[in-house]
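Everything on this sheet refers to the single structure shown next.
Just the heavy atoms: all of them, side chains too, but no hydrogens, waters or symmetry mates, feed the values below.
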Amino acid sequence: GTTYLLNLTFPTSVETDLSLEDIYNTSVAKYKLLYHNSFVVFSPESFVRINKGEIKSYPMKGTIDSSVPDAEKVLINNEKEEAEHNTIIDLIRNDLSKAADEVKVTKYRYIDRIILEKSELLQVSSEISGILKKDWESHLGDIIYGMLPAGSVTGAPKMETVRIIRESENYGRGWYTGIFGVFDGKTLDSAVMIRFIENNSGKFVFKSGGGITSMSNPVEEYE
């Protein structure tokens, strides 16, 4: 009961003859970011979007390789994945409610397809929306800051889960699982920094993780 869902992450050393810029240029993703020669992100996961005063968030929880027989059905019917997804939906609804009214789930558990070099991943997302106050532009920093860190990469309840993460992970996430985006004065599009490779003193480190619950199978989580 101390935590219902904890997103546990860890670093993995990788070897490649590509530069971070090469990885940025060749990766295919909804959101990409190259920050100097420090790290590269190729993320499929939105954080929040704001357009005409409406804020939307798209928590992504539940992943399966499309080559698994009946992969979409297996993923949607997985009791553990559904419980994990619902926990994050409740958390994001609460986060959005700090800044928005009329918060509701507008799309529930739909499939996103993530294209890989030789295969395809299926991931489950939902859409949650709310209406911001008319002067939201002048408070954008407070709105975003009040929702951090992102619920999908921490867990619930957020504060206690973050405390456990700090005690358990034994490394610094750094920029990993932060957010980035573009604001043009009227609209905002932002993403969660997952699918992340860091340059650590000339050696590349891939940071990855997954949601852990009481129903988790350790081998399946690692895979």
Side-chain angles (χ1 to χ4, degrees), residues 7-12 14 16 18-61 63 88 91-92 95-96 98-100 112-116 121 123-130 132 136-155 158 161-162 165-166 169 171-200 204-211:
N7 196 80
L8 184 68
T9 78
F10 59 97
T12 304
V14 294
T16 176
L18 299 176
S19 67
L20 293 185
E21 186 173 2
D22 291 334
I23 295 170
Y24 174 83
N25 288 330
T26 57
S27 60
V28 177
K30 188 183 297 184
Y31 301 95
K32 299 201 296 182
L33 174 66
L34 173 65
Y35 185 71
H36 301 296
N37 194 36
S38 179
F39 64 82
V40 65
V41 180
F42 35 100
S43 175
E45 182 172 359
S46 299
F47 178 56
V48 296
R49 295 175 184 164
I50 300 176
N51 185 29
K52 296 180 180 179
E54 184 178 33
I55 186 169
K56 293 183 177 181
S57 185
Y58 302 85
M60 181 178 283
K61 276 293 174 188
T63 307
I88 290 301
L91 179 63
I92 300 301
D95 284 349
L96 288 186
K98 297 175 183 177
D112 276 321
R113 297 180 179 272
I114 312 300
I115 305 300
L116 306 180
L121 290 180
Q123 297 195 284
V124 181
S125 297
S126 288
E127 180 186 84
I128 305 166
S129 67
L132 297 171
W136 66 268
E137 296 94 338
S138 60
H139 302 285
L140 180 59
D142 292 333
I143 292 170
I144 297 300
Y145 189 78
M147 291 188 286
L148 293 177
S152 63
V153 290
T154 52
K158 189 184 286 186
T161 301
V162 168
I165 286 172
R166 285 177 173 152
E169 288 192 340
Y171 83 106
R173 287 193 183 186
W175 293 100
Y176 172 56
T177 67
I179 65 163
F180 68 104
V182 176
F183 176 56
D184 65 5
K186 294 182 179 180
T187 62
L188 170 75
D189 195 2
S190 62
V192 181
M193 287 198 225
I194 58 173
R195 309 293 194 273
F196 182 103
I197 297 178
E198 181 178 274
N199 183 354
N200 188 351
F204 286 177
V205 176
F206 177 68
K207 296 181 176 179
S208 61

Rounded distance (nearest 0.5 Å) linking atom [atom1] of [X] with atom [atom2] of [Y]:
X      : Y      : atom1 : atom2 : value
Thr16  : Phe206 : OG1   : CZ    : 13.0 Å
Glu45  : Tyr58  : CD    : OH    : 12.5 Å
Ile114 : Leu121 : CD1   : CG    : 7.0 Å
Asn37  : Leu20  : CG    : CG    : 5.0 Å
Leu91  : Ser152 : CG    : OG    : 9.0 Å
Tyr31  : Arg195 : OH    : CZ    : 14.0 Å

Student check: side-chain heavy atoms of [X] and [Y] closer than 4.5 Å:
X      : Y      : value
Val40  : Leu33  : no
Glu21  : Leu34  : yes
Ser57  : Leu96  : yes
Ile197 : Ile23  : yes
Thr177 : Met193 : no

Donor-acceptor pairs are to be reported for all side-chain atoms of residues 137-149 against protein atoms at under 3.5 Å, with residues two or more places apart or in another chain.
{"from": "Ser138", "atom 1": "OG", "to": "Asp135", "atom 2": "O", "distance (Å)": "2.8"}
{"from": "His139", "atom 1": "NE2", "to": "Asp135", "atom 2": "OD2", "distance (Å)": "3.3"}

For [X] and [Y], indicate whether the former's side chain and the latter's backbone hold a donor-acceptor pair under 3.5 Å.
X      : Y      : result
Thr161 : Thr154 : no
Lys32  : Ser43  : no
Glu169 : Thr9   : yes
Asp22  : Ser19  : yes
Ser38  : Tyr35  : no
Ser46  : Val48  : no
Asp189 : Arg49  : no

Which atoms form the tightest heavy-atom contact between [X] and [Y], and what is the distance?
X      : Y      : value
Tyr176 : Gly209 : OH-N, 3.6 Å
Arg173 : Val153 : NH1-O, 2.8 Å
Met60  : Pro44  : CE-O, 3.6 Å
Gly151 : Ile88  : O-CD1, 3.2 Å

(request) May I have the step-by-step check of side-chain contact (heavy atoms from CB on, under 4.5 Å) for Phe204 and Asn199, ending in yes or no? (result) CA-CA 5 Å; Phe204 286 177; Asn199 183 354; 3.9 Å; yes

(message) Both conditions, 6.0 Å and 45 degrees, for the charged tip of Lys207 above the ring of Phe10: are they met here?
(response) no

(message) Which label fits Phe39 and Phe196: parallel for a plane angle under 30°, tilted from 30 to 60°, or perpendicular past 60°?
(response) parallel

(request) Check side-chain contact (heavy atoms from CB on, under 4.5 Å) between Asn51 and all other residues, then give those that pass, not counting sequence neighbours. (result) Thr187

(request) Verify the neighbour count for atom CH2 of Trp136: are there more than 12 heavy atoms of other residues, nucleotides or ligands below 6.0 Å? (result) yes

